[in-house]
S.K.: 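The following block contains the structure, expressed as structure tokens.
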Amino acid sequence: MTDLSNKVVVIMGASSGIGAATARRLARDGAKLVIAARRLDRLNEIASEFDEGQVIPVQADVTNFKEVRAAIETAVNEFGRIDVLYNNAGIMPLSNLSDGHRDEWQNMVNINIMGPLNGIAAALPIMKTQGQGHIITTDSVAGHVVAPGMAVYSGTKYAARIIMDGRMEEAANHIKTTIITPGATQSELTSHISDPETRKSNTDYWGTVDGLTADQIAQAVEFAIDSKANMSISELIVRPTLQAM
């Protein structure tokens, strides 16, 4: 088992899927965690599985900077520092541009782009003062390629990837960045798709390529966190073997 008992980690978007799987995996590794999301009941369920005080749930919406900052400040107040921020919250309401789903597009921009930026803005000053830190963001293979119905989603994920590649700004302060880039992975992402046929085809696709479990992506996060201080894993792309895209 990986020993992360010396790590303090904040996970944004921890109530389901990759975030929940990562929270459980890192807690089993001994890490001290603040887990944040809008659904507090699910966070409480995760926290109840571990020793009291090891996993602290905080209700937070990643589009609300004050709430994101409060989650990060909770880690500092409870554990004395923050070693890792994991920006995991994201949505994927796929649709064609001609459908004109502007509200869905705006939500994707707010969550998939501004969400990680809010986390960075809240955590970076603390990490600079500490002289070390690690910021991780969940991206997608859609940040590398685009397919019909994915233009806006791919755009948000490409933006997040480029923002995270601004790591050179803080390299001298010993702050690492990692982009976790999953392929088809079991999660709630397809539930955000409003068109029933598009939702079904994307849900079915996971089965056709023998899609990954959320815990398999959590293993990639664990690996990145466990890397030595002088080793920065800039990006991990993790696809099902059968996935061509």
Side-chain angles (χ1 to χ4, degrees), residues 1-5 7-51 54-62 68 71 75 82-92 111-112 115-116 119 134-143 157 160 164 178-192 202-203 205-207 209-227 233 235-243:
M1 187 177 77
T2 303
D3 181 8
L4 296 180
S5 57
K7 296 293 185 182
V8 175
V9 182
V10 176
I11 303 177
M12 307 303 300
S15 61
S16 66
I18 293 169
T22 302
R24 290 185 167 100
R25 175 167 284 274
L26 299 186
R28 289 194 298 269
D29 291 338
K32 300 174 181 66
L33 299 174
V34 170
I35 55 175
R38 290 175 295 183
R39 294 175 291 189
L40 186 59
D41 57 332
R42 294 197 179 188
L43 301 177
N44 286 331
E45 181 181 339
I46 295 169
S48 71
E49 298 171 13
F50 301 95
D51 292 341
Q54 182 189 0
V55 180
I56 298 176
V58 175
Q59 190 171 37
D61 182 334
V62 297
V68 173
I82 172 175
D83 297 306
V84 182
L85 168 65
Y86 181 21
N87 294 308
N88 175 67
I91 59 171
M92 190 184 71
I111 294 171
N112 296 357
H134 190 172
I135 298 175
I136 303 173
T137 296
T138 300
D139 199 62
S140 168
V141 294
K157 289 301 183 178
M164 286 294 291
T178 301
I179 308 164
I180 302 294
T181 303
T185 303
Q186 188 174 29
S187 71
E188 294 183 356
L189 280 179
T190 56
S191 69
H192 305 140
N202 278 271
T203 302
Y205 179 71
W206 184 85
V209 296
D210 189 18
L212 303 174
T213 66
D215 187 62
Q216 286 177 301
I217 304 303
Q219 290 176 49
V221 180
E222 176 188 57
F223 173 72
I225 292 173
D226 193 42
S227 61
I233 300 168
E235 183 171 14
L236 281 168
I237 301 178
V238 188
R239 293 183 178 93
T241 303
L242 295 177
Q243 182 174 350

S.K.: Can you check whether A31's main-chain N or O pairs, donor with acceptor, with Q54's side chain at less than 3.5 Å?
M.R.: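 Here the side-chain-to-backbone pair exists.
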S.K.: Quick one: closest heavy-atom pair of A71 and M12, and the distance?
M.R.: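 That closest heavy-atom pairing would be CB-SD, 4.3 Å.
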S.K.: Between K7 and I225, is there a side-chain heavy-atom distance shorter than 4.5 Å?
M.R.: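 Answer yes - side chains close enough.
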S.K.: Show the nearest heavy-atom pair for residues K157 and T138, with the distance to one decimal.
M.R.: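 That would be NZ-O, 3.2 Å.
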S.K.: Can you tell me how far apart CD1 (I179) and CD1 (I237) are? Round to the nearest 0.5 Å.
M.R.: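 Answer rounded to 0.5 Å: 9.0 Å.
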S.K.: Tell me which pairs pass salt bridge (Lys or Arg N to Asp or Glu O under 4.0 Å) where either residue lies in residues 10-19, with sequence neighbours left out.
M.R.: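 Not a single pair qualifies under salt bridge (Lys or Arg N to Asp or Glu O under 4.0 Å).
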S.K.: Does I18 form a side-chain contact (heavy atoms from CB on, under 4.5 Å) with Y86? I'd like the steps, not just the answer.
M.R.: CA-CA 11 Å; I18 293 169; Y86 181 21; 3.4 Å; yes
S.K.: What closest approach, in Å, do A47 and P57 show between heavy atoms, and which atom pair accounts for it?
M.R.: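 Looks like CB-CD, 4.0 Å.
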S.K.: Nearest 0.5 Å, please: how far is CG in L85 from CD1 in I135?
M.R.: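 Here the rounded value is 6.0 Å.
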S.K.: Is the backbone of I136 close enough, under 3.5 Å, to the side chain of T178 for a donor and an acceptor to pair up by distance?
M.R.: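 Answer holds: no.
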S.K.: To the nearest 0.5 Å, what is the distance between CD1 on I46 and CD1 on I35?
M.R.: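 Result: 4.5 Å between the selected atoms.
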S.K.: Are the side chain of N88 and the backbone N or O of G13 linked by a donor-acceptor pair below 3.5 Å?
M.R.: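 Yes: the side chain of N88 pairs with the backbone of G13.
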S.K.: Under 3.5 Å, is there a donor-acceptor pair between the side chain of E49 and the main chain of R24?
M.R.: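 No: the side chain of E49 does not pair with the backbone of R24.
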S.K.: Quick check: closest heavy atoms across D226 and D3, and the distance to 0.1 Å?
M.R.: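 That would be OD1-O, 4.2 Å.
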S.K.: Applying side-chain contact (heavy atoms from CB on, under 4.5 Å) to V9 and D83, what does each step give before you reach the verdict?
M.R.: CA-CA 6 Å; V9 182; D83 297 306; 5.7 Å; no
S.K.: What distance do T185 atom OG1 and I180 atom CD1 have between them, rounded to the nearest 0.5 Å?
M.R.: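 One finds 11.0 Å between OG1 of T185 and CD1 of I180.
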S.K.: Where do I233 and A224 come nearest, in terms of heavy atoms and distance?
M.R.: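 Here I233 and A224 meet closest at CD1-CA, 3.9 Å.
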S.K.: Minimum heavy-atom separation for A89 and V62, please, with both atom names.
M.R.: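 Looking at all heavy atoms of both residues, the closest pair is CB-CG1, 3.7 Å.
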S.K.: At what distance, to the nearest 0.5 angstrom, does CZ of R25 lie from CG of D215?
M.R.: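 Between atom CZ of R25 and atom CG of D215 there are 4.0 Å.
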S.K.: With side-chain contact (heavy atoms from CB on, under 4.5 Å) as the criterion, how do L43 and Q59 come out once you've worked through the C-alpha distance, each side chain's angles and the decisive distance to 0.1 Å?
M.R.: CA-CA 8 Å; L43 301 177; Q59 190 171 37; 5.6 Å; no
S.K.: State, with a plain yes or no, whether a side-chain heavy atom of P240 is found less than 4.5 Å away from one of L212.
M.R.: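 Yes, their side chains come closer than 4.5 Å.
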S.K.: Side chains of R39 and S16: does their closest heavy-atom pair fall under 4.5 Å?
M.R.: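 R39 reaches S16 side chain to side chain.
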S.K.: Does the pair D139 and M164 meet the rule for a side-chain contact (heavy atoms from CB on, under 4.5 Å), with working shown?
M.R.: CA-CA 10 Å; D139 199 62; M164 286 294 291; over 6 Å; no
S.K.: Which value, rounded to the nearest 0.5 Å, describes the distance between I111 atom CD1 and I91 atom CD1?
M.R.: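 Here the rounded value is 4.0 Å.
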S.K.: As a test of understanding, state which of L33, D29, V84 forms a side-chain contact (heavy atoms from CB on, under 4.5 Å) with L4.
M.R.: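 The single option meeting the side-chain contact (heavy atoms from CB on, under 4.5 Å) with L4 is D29.
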